[in-house]
Q: 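Can you keep this structure in mind? I'll have questions shortly.
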Amino acid sequence: PDELSWLWRLVERKAIKKILVRGPNWLGDGVMCEPALRGLRRLFPDAQIALLVKPAVADLFAGHPALTRVLTYDSVGHHAGLSGKWGLAGQLRQQGFDLAVLFQNAFEAAFLTFLAGVPRRYGYATDGRSLLLSDPVAVPDRQRLVHQVRYYWDLLKPLGLTGDPSAPELVVFPQEEQAMAGRFAKGGLAETDVVVGINPGSTYGGAKRWLPERFAEVTERLCRTIRESREQEVSVVIFGAKGEERLGQEIAAHLSSRSLILSGATTIRELMASVKRCAVLLTNDTGPMHIAAAFQVPVVAIFGPTDWRTTSPFGSAHAIVRQPVDCAPCLLRECPIDHRCMTRVTVDQVYEAAATQLAANKLTGDKLTREEIVASSSNLSACQPANLSAPLDGVTVFLDRDGTLNYDPGYLRIAADLKLLAGVGPALAKLKRAGAKLVVVTNQSGVGRGIMTLKDLEAVHARLQGLLEQEDAALDAIYFCPHHPDDGCRCRKPNVGMVERAQSELQLDHRRFYLVGDHARDIQLAQRVGAKAILFTAAALDAQSLETLKAKKAMPDAVAKSMAEAVDWILADAAKTRLR
């Protein structure tokens, strides 16, 4: 078929009998690569698939059904230096692999499989290694942020992989779970306890760490909430790497609940079994965060210097807490200034996200509403009632930009010229407090016409986001089509490309879409993606305007003269929908 890569016009899949996969080096990346491993197994159901990874990641995949074997690459031991790599290449050569798939992006990965004589070496053309790859794959456009799970998945598309990745899945053996249950019991944790997990450290660097005293406070409040609302005993398990033992001890000292400190005291397999036992995990952006998500443990992840859009826990059953500051994501290991991305994240924000997770997942046994959970806390003075009902949880509101959010002067090229329409900020803040996601989808053909540059557009969008953040109405994402109208692209409204990207990358529920815009093309887009459409227009619709909309098959579900009216309609409609 035309969709398949040129590679498969040269090589029949059935000729591939033995595959070597070079996996990522980091624990979290290993988890995010897992859906692609299952995708590779789907492509080659009869092939032997060996995964070559460093020891910690090797432990992660013991017994994984997509793999025939897991090989360990000990880069600081047996395989250190050129002689060690030469020896490893010789061992791999003896096994006669037909194809190497390189999820690891480094030059070394391609060089090693080249030395091993693997005839087909397939991977992204990164790190100057294209000449060492028999089948280099173009690196995705860096302007188009995609989640790391999808980044690995998309590498396999030229091989014929179709569809979208599911959430990562990991395997622990029953005996491993039993062993950890015994260890929990020795620590005083009963089998019936609700276990709250916290992971307050980060081996990447101090910049990713939320304040330990705030971890302690939010954990104490959450435990009290569960205990008082459900009359269940609650225990806390504290995770961490070697060297983080004191951090765990400091937090445990501030908790009234029973706690078990596992910092620096587990193997990877023990970490997996213990994380799986948790009812919820409060964590920084770390490997255990992804392990928890792979076991469908609800995660509340606090993000600061790293990019939540690419490395957040994959799937919709998790919460991200972050503060939009102008210097994040910086990706630095240590903050050179005041660590504002973390210090501005409050206990109330993390507590509220955790309470939502408990309610949504009914983790305490019986049906439990979010209002019941929140009401049981004795220290919620900072929370607003509108915040707690969250009638728009799971709802996404797509927004046109020019003429809907800001005044439309034509082709808006200078960032300082962007002015929000009256009332837009407070109205969108109301949506955010209600739990909705806000996503801008905007045609920007000025780029394709040469009127502005992408840098100009980025500056405009930075100002738009900044102004809305000041109103507590931060956008979750901005998608734009830069193409000329004659290009025939799939993203220009009313085509659905931008919404489909948002749905995939942000893991959105398509059954709860709304769209607010001021043009017929916005309404047409809404109809194509199954969203309810609100036409934003300050003028009353006369008979001629209605006939035009009918002729274009662009009749909206509602008409609003202001963003406040549009928001009120969405809230009312969402309430009716929930009651059905």
Q: Mind checking what makes salt bridge (Lys or Arg N to Asp or Glu O under 4.0 Å) contact with Arg269, not counting sequence neighbours?
A: Glu176
Q: Evaluate the side-chain contact (heavy atoms from CB on, under 4.5 Å) criterion for residues Leu262 and Arg183: first the C-alpha distance (whole Å), next the side-chain angles of each, then the deciding distance (0.1 Å), finally the verdict.
A: CA-CA 10 Å; Leu262 295 181; Arg183 191 165 169 183; 3.8 Å; yes
Q: What residues form a side chain to side chain contact (heavy atoms under 4.5 Å, CB included) with Arg501, not counting sequence neighbours?
A: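 With neighbours one apart ignored, the set is Arg144, Tyr479, Glu505.
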Q: Minimum heavy-atom separation for Phe215 and Val218, please, with both atom names.
A: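 Taking Phe215 first and Val218 second, the nearest heavy atoms are O-CG1, 3.4 Å.
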Q: Which heavy-atom pair separates His290 from Ser312 by the least distance, and what is that distance?
A: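 Reported closest heavy-atom pair: CE1-O, 3.7 Å.
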Q: Quick one: salt bridge (Lys or Arg N to Asp or Glu O under 4.0 Å) partners of Asp487, sequence neighbours excluded?
A: none
Q: With a 3.5 Å distance limit and no angle check, can you tell me whether Glu334 reaches the backbone of Gly205 through a side-chain donor-acceptor pair?
A: no
Q: If you look at every heavy atom in Lys242 and Gly264, which pair is closest and at what distance?
A: NZ-O, 3.3 Å
Q: Check whether Asn443 reaches the backbone of Cys481 with its side chain - one donor and one acceptor, N or O, closer than 3.5 Å.
A: no
Q: Is a side-chain donor or acceptor of Ser134 paired with a backbone partner of Arg121 at a separation under 3.5 angstrom?
A: yes
Q: On the 0 to 90° scale, with breaks at 30° and 60°, tag the Phe114-Phe111 ring pair as parallel, tilted or perpendicular.
A: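 Taking Phe111 first and then Phe114, their aromatic rings lie parallel (interplane angle under 30°).
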Q: Which value, rounded to the nearest 0.5 Å, describes the distance between Leu159 atom CG and Leu43 atom CG?
A: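 Spacing of CG (Leu159) from CG (Leu43) equals 6.0 Å.
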Q: Residues in ring pair (Phe, Tyr, Trp, His ring centres under 6.0 Å) with His483, at least two apart?
A: none
Q: Once rounded to the nearest 0.5 Å, what's the spacing between atom CG of Asp486 and atom CZ of Arg492?
A: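 Reported value, rounded in 0.5 Å steps: 9.0 Å.
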Q: For a salt bridge (Lys or Arg N to Asp or Glu O under 4.0 Å) check, start with the C-alpha distance between Arg129 and Asp127, then their side-chain angles and the critical distance, and finish with the verdict.
A: CA-CA 6 Å; Arg129 64 184 189 172; Asp127 207 26; over 6 Å; no
Q: Testing the 3.5 Å rule here: is there a donor-acceptor pair between the side chains of Ser504 and Arg150?
A: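 The criterion, which ignores hydrogens and geometry beyond distance, is satisfied for Arg150 and Ser504.
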Q: Does any non-hydrogen side-chain atom of Asn25 lie less than 4.5 Å from one of Val57?
A: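 SC-SC contact between Val57 and Asn25 ruled out.
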Q: For the atom pair CD (Glu244) and CD1 (Ile238), what is the distance rounded to the nearest 0.5 Å?
A: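 Going from the CD atom of Glu244 to the CD1 atom of Ile238 covers 11.5 Å.
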Q: Tell me every residue that passes salt bridge (Lys or Arg N to Asp or Glu O under 4.0 Å) with Arg309, counting only those two or more places apart in sequence or in another chain.
A: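 Scan of Arg309 (salt bridge (Lys or Arg N to Asp or Glu O under 4.0 Å), adjacent residues dropped) gives Asp307.
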Q: State the CD-NZ distance between Glu177 and Lys276, to the nearest 0.5 angstrom.
A: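 It comes to 3.5 Å.
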Q: Is there a donor-acceptor pair closer than 3.5 Å between any side-chain N or O of Trp210 and the backbone N or O of Val345?
A: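 Yes, Trp210 side chain to Val345 backbone: donor-acceptor pair under 3.5 Å.
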Q: How would you list all residue pairs meeting ring pair (Phe, Tyr, Trp, His ring centres under 6.0 Å) that involve residues 133-180, not counting sequence neighbours?
A: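 Listed once each, the pairs are Phe103-Tyr152, Tyr124-Tyr151, His147-Phe314.
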Q: List the steps and the verdict of side-chain contact (heavy atoms from CB on, under 4.5 Å) for Leu20 and Leu71.
A: CA-CA 9 Å; Leu20 176 66; Leu71 307 175; 4.2 Å; yes
Q: Using atom types as modelled, flag every donor-acceptor pair under 3.5 Å from a side chain in residues 76-91 to any protein atom, sequence neighbours excluded.
A:
unit_1: His79; atom_1: ND1; unit_2: Asp74; atom_2: N; d: 2.9
unit_1: Lys85; atom_1: NZ; unit_2: Tyr73; atom_2: OH; d: 3.4
unit_1: Lys85; atom_1: NZ; unit_2: His79; atom_2: O; d: 3.4

Q: Between Lys208 (side chain only) and Asp285 (backbone N and O only), is there a donor and an acceptor less than 3.5 Å apart?
A: yes
Q: Any side-chain heavy atom of Val118 within less than 4.5 Å of one from Leu92?
A: no
Q: Can you name the salt bridge (Lys or Arg N to Asp or Glu O under 4.0 Å) partners of Glu169, sequence neighbours left out?
A: Arg38
Q: Given side-chain contact (heavy atoms from CB on, under 4.5 Å), test Leu99 with Phe44 step by step and report yes or no.
A: CA-CA 11 Å; Leu99 171 68; Phe44 300 94; 4.1 Å; yes
Q: Using every non-hydrogen atom in the two residues, find where Pro136 and Ala125 come nearest and quote the distance to one decimal.
A: CB-CB, 4.0 Å
Q: Excluding sequence neighbours, so at least two apart, what forms ring pair (Phe, Tyr, Trp, His ring centres under 6.0 Å) with Phe61?
A: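 Phe61 satisfies ring pair (Phe, Tyr, Trp, His ring centres under 6.0 Å) with His64 once adjacent residues are dropped.
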Q: If I take atom CD1 from residue Ile291 and atom CE from residue Met272, how far apart are they, to the nearest 0.5 angstrom?
A: 6.5 Å
Q: Take Leu247 and Arg209 through the side-chain contact (heavy atoms from CB on, under 4.5 Å) test and state the conclusion after the steps.
A: CA-CA 11 Å; Leu247 176 63; Arg209 293 184 182 181; 4.2 Å; yes
Q: Report the residues that fulfil side chain to side chain contact (heavy atoms under 4.5 Å, CB included) with Thr283, sequence neighbours left out, ordered by chain and then residue number.
A: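 Expected list: Asn199, Leu281, Thr286, Met289, Val299, Ala301.
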Q: Donor-acceptor pair, distance only, cut-off 3.5 Å: does the side chain of Asn495 make one with the backbone of Gly497?
A: no
Q: Does the Gln323 side chain pair with the main chain of Arg344, one donor and one acceptor, at a distance under 3.5 Å?
A: yes
Q: How long is the straight-line distance from NZ of Lys18 back to CD1 of Ile49, given to the nearest 0.5 Å?
A: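 Nearest 0.5 Å value for the CD1-NZ distance: 12.5 Å.
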Q: Just to verify, which of Leu155, Val101, Leu67 counts as forming a side chain to side chain contact (heavy atoms under 4.5 Å, CB included) with Leu40?
A: Val101
Q: Check side chain to side chain donor-acceptor pair (under 3.5 Å) between Gln48 and all other residues, then give those that pass, not counting sequence neighbours.
A: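 None.
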Q: Taking the side chain from Thr311 and the backbone from Trp308, do they hold a donor-acceptor pair closer than 3.5 Å?
A: no
Q: Looking only at non-hydrogen atoms, find the nearest pair between Lys493 and Val441 and report the distance.
A: NZ-O, 2.8 Å
Q: Check whether any side-chain N or O of Lys54 sits under 3.5 Å from a backbone N or O of Ser75 as a donor-acceptor pair, and report yes or no.
A: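 Pair absent, no side-chain N/O of Lys54 close to backbone of Ser75.
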Q: Give me the atom names and distance for the closest heavy-atom approach of Leu508 to Lys437.
A: CD2-CD, 3.4 Å
Q: Quick one: does any side-chain atom of Ser445 pair with a main-chain N or O of Gly448 as donor and acceptor, under 3.5 Å?
A: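 No; zero donor-acceptor contacts below 3.5 Å.
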Q: If you count the non-hydrogen atoms of other residues, nucleotides and ligands that lie under 6.0 Å from CZ in Arg42, is the total more than 12?
A: yes
Q: Please enumerate all residues that pass ring pair (Phe, Tyr, Trp, His ring centres under 6.0 Å) together with Phe295, with sequence neighbours excluded.
A: none
